[in-house]
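These notes concern the structure reproduced below.
Note that the structure is a prediction, hence the values are computed from the model and not measured. Atoms within each ligand, like the ligands themselves, are counted from 1 in listed order.
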Amino acid sequence: MEKLKNLFKAKADAQAAELKELLKEHGTKKIGEVQLAQAFQGMRGVTGMVYETSLLDSNEGIRFRGFSIPELQAKLPKAKGGTEPLPEGIFYLMLTGEIPTDADVAELSAEWRKRSPIPTHAFKAIDALPPDTHPMTQVMTGILCMQTDSVFAKEYAKGANKKDYWSYVYEDSMNMIASLPQVAAYVYRRKYHGGKTIAPDPQLDWGANFAHMLGYDTEGFRELMRLYMTIHADHEGGNVSAHTSHLVGSALADPYLSFTAAMAGLAGPLHGLANQEVIKWIFAMQKDLGVEVPSKEQIETYVKKMLADGKVVPGYGHAVLRKTDPRFTAQMDFAKKHMPNDPAVKTVWAIYEAVPPILQSLGKIKNPWPNVDAHSGALLVHYGMKEYEFYTVLFGVSRALGVQAAQIWSRALGFPIERPKSVTIQNVKDWLAGKDEIWE
Ligand code: AMX
């Protein structure tokens, strides 16, 4: 796959030269102001990093290299007979900025098949964990163990030239992305199917092969995996998983280390774990109310009680988005096409009618609309994947495409170690009292 690597290198060299000039001329220009409250509120709205692969518009949602999700669904190559984009295509796009051809994507599929072997000690390390260990912990263990094969770590130890870092990160990223479906499927089959693993099928594309190794061989589930892997891939740089990858990678920790760290962030319930929380909550609501598809009125009463008890409605709200997440809409469209009468799906849609006005009425929530996690579980349940603790792993496998493409860019552009300034509350008080200058 030298073609993709060479194309990337040509693009990155041109970008690096342009960037040098841009910073020489405009490097001292101000791009914003930071208010005191922002330092205490998760740095929301503070622009402080460059992340090439995607950009989030608070109203329109995510754009990957300028393309919205509906545009990607139309433009990216599909599997034969399929209608959903192949995830290989979004990786190619994020890496190069170009929409790939069918041949480009077929080549990438073949390359990932070739690179997928996994060291046996990774499986042994997973096997050493109790089977009921959360799937995210098991998968992170597997990824961390593959670090023994890191090309970057080996070359760095030998004294690599910093101009070549990107090349080793590229190799590690490609190898890791190729291996992830098998590691994830191993954990799924270990935890939920008595360890009966399924060998990869060399005829299949990356997403379909993942579906196959998980044990779901219908064309519907393959299409779902292709869509799922595409839309969860990236969400600009500031979200917890992408930012963690960016931060840890900036210390020149190799991709296996930085991606394991990103997965740990994704495992938090306010980030990726929300998708398991959503279906768990839907199941609990169905049980508590004793109905398969609760009515809008029943949901309203249920949600008001939850909020009164100090709980969050999972799958609703977003730190940046201010409208319905287009990734929610893409999944809703998939459901309308494939399973419009499914009870879990109908419940998700009833929640979509009931919840936003209630959240809006509280007055404090900046975004009362559903995010990506509000819909994904119901689609998986439809195909029989009810083991919701596994859902964040699917999110993570997809997220590797975005954060690794971004990481290759970061090393190619020579981005330095990230090190923002922090202060203490006493510093702030002193500064307010005019005693101390804290802002450097
Ligand atoms: N249900 C109840 N309350 C909510 C809420 C929700 N879904 N979303 C926000 N709020 C509350 C916050 O807890 C906060 O309350 P407080 O002032 O009493 O502490 C207030 O509304 C203001 O919050 P905000 O500025 O609108 O949101 P945020 O940027 O602080 O947080 C998020 C964003 C996603 C963490 C939050 O909306 C949330 O907890 N949602 C539910 C969990 C979820 O769906 N996470 C997945 C996000 C997508 C992803 O990363 N995968």
Can you say whether the rings of [X] and [Y] are parallel (under 30°), tilted (30 to 60°) or perpendicular (over 60°)?
X: Y165; Y: F152; value: perpendicular
X: F395; Y: H232; value: perpendicular
X: Y302; Y: W281; value: tilted

Under the salt bridge (Lys or Arg N to Asp or Glu O under 4.0 Å) test, residues paired with E71 that sit two or more places apart: R63

By salt bridge (Lys or Arg N to Asp or Glu O under 4.0 Å) - contacts of D205 (at least two apart): R226

Do any nitrogen or oxygen atoms of ligand 1 lie under 3.5 Å from a protein nitrogen or oxygen, and which ones?
from, atom 1, to, atom 2, distance (Å)
ligand 1, 1 (N), V313, N, 2.8
ligand 1, 7 (N), V313, O, 2.9
ligand 1, 7 (N), Y316, O, 2.7
ligand 1, 15 (O), K364, NZ, 3.4
ligand 1, 18 (O), K364, NZ, 2.8
ligand 1, 25 (O), K366, NZ, 2.7
ligand 1, 26 (O), K366, N, 2.9
ligand 1, 29 (O), R44, NE, 3.4
ligand 1, 29 (O), R44, NH2, 2.9
ligand 1, 30 (O), R44, NH2, 3.3
ligand 1, 40 (N), Y316, O, 2.9
ligand 1, 44 (O), G315, N, 2.8
ligand 1, 44 (O), N371, ND2, 3.0
ligand 1, 45 (N), L270, O, 3.1
ligand 1, 50 (O), H271, ND1, 2.7
ligand 1, 51 (N), H271, O, 3.3
ligand 1, 51 (N), D373, OD2, 2.7

Donor-acceptor pairs are to be reported for all side-chain atoms of residues 256-268 against protein atoms at under 3.5 Å, with residues two or more places apart or in another chain.
from, atom 1, to, atom 2, distance (Å)
S258, OG, D254, O, 3.4
S258, OG, P255, O, 3.4
S258, OG, Q407, OE1, 3.3
T260, OG1, Y256, O, 2.6

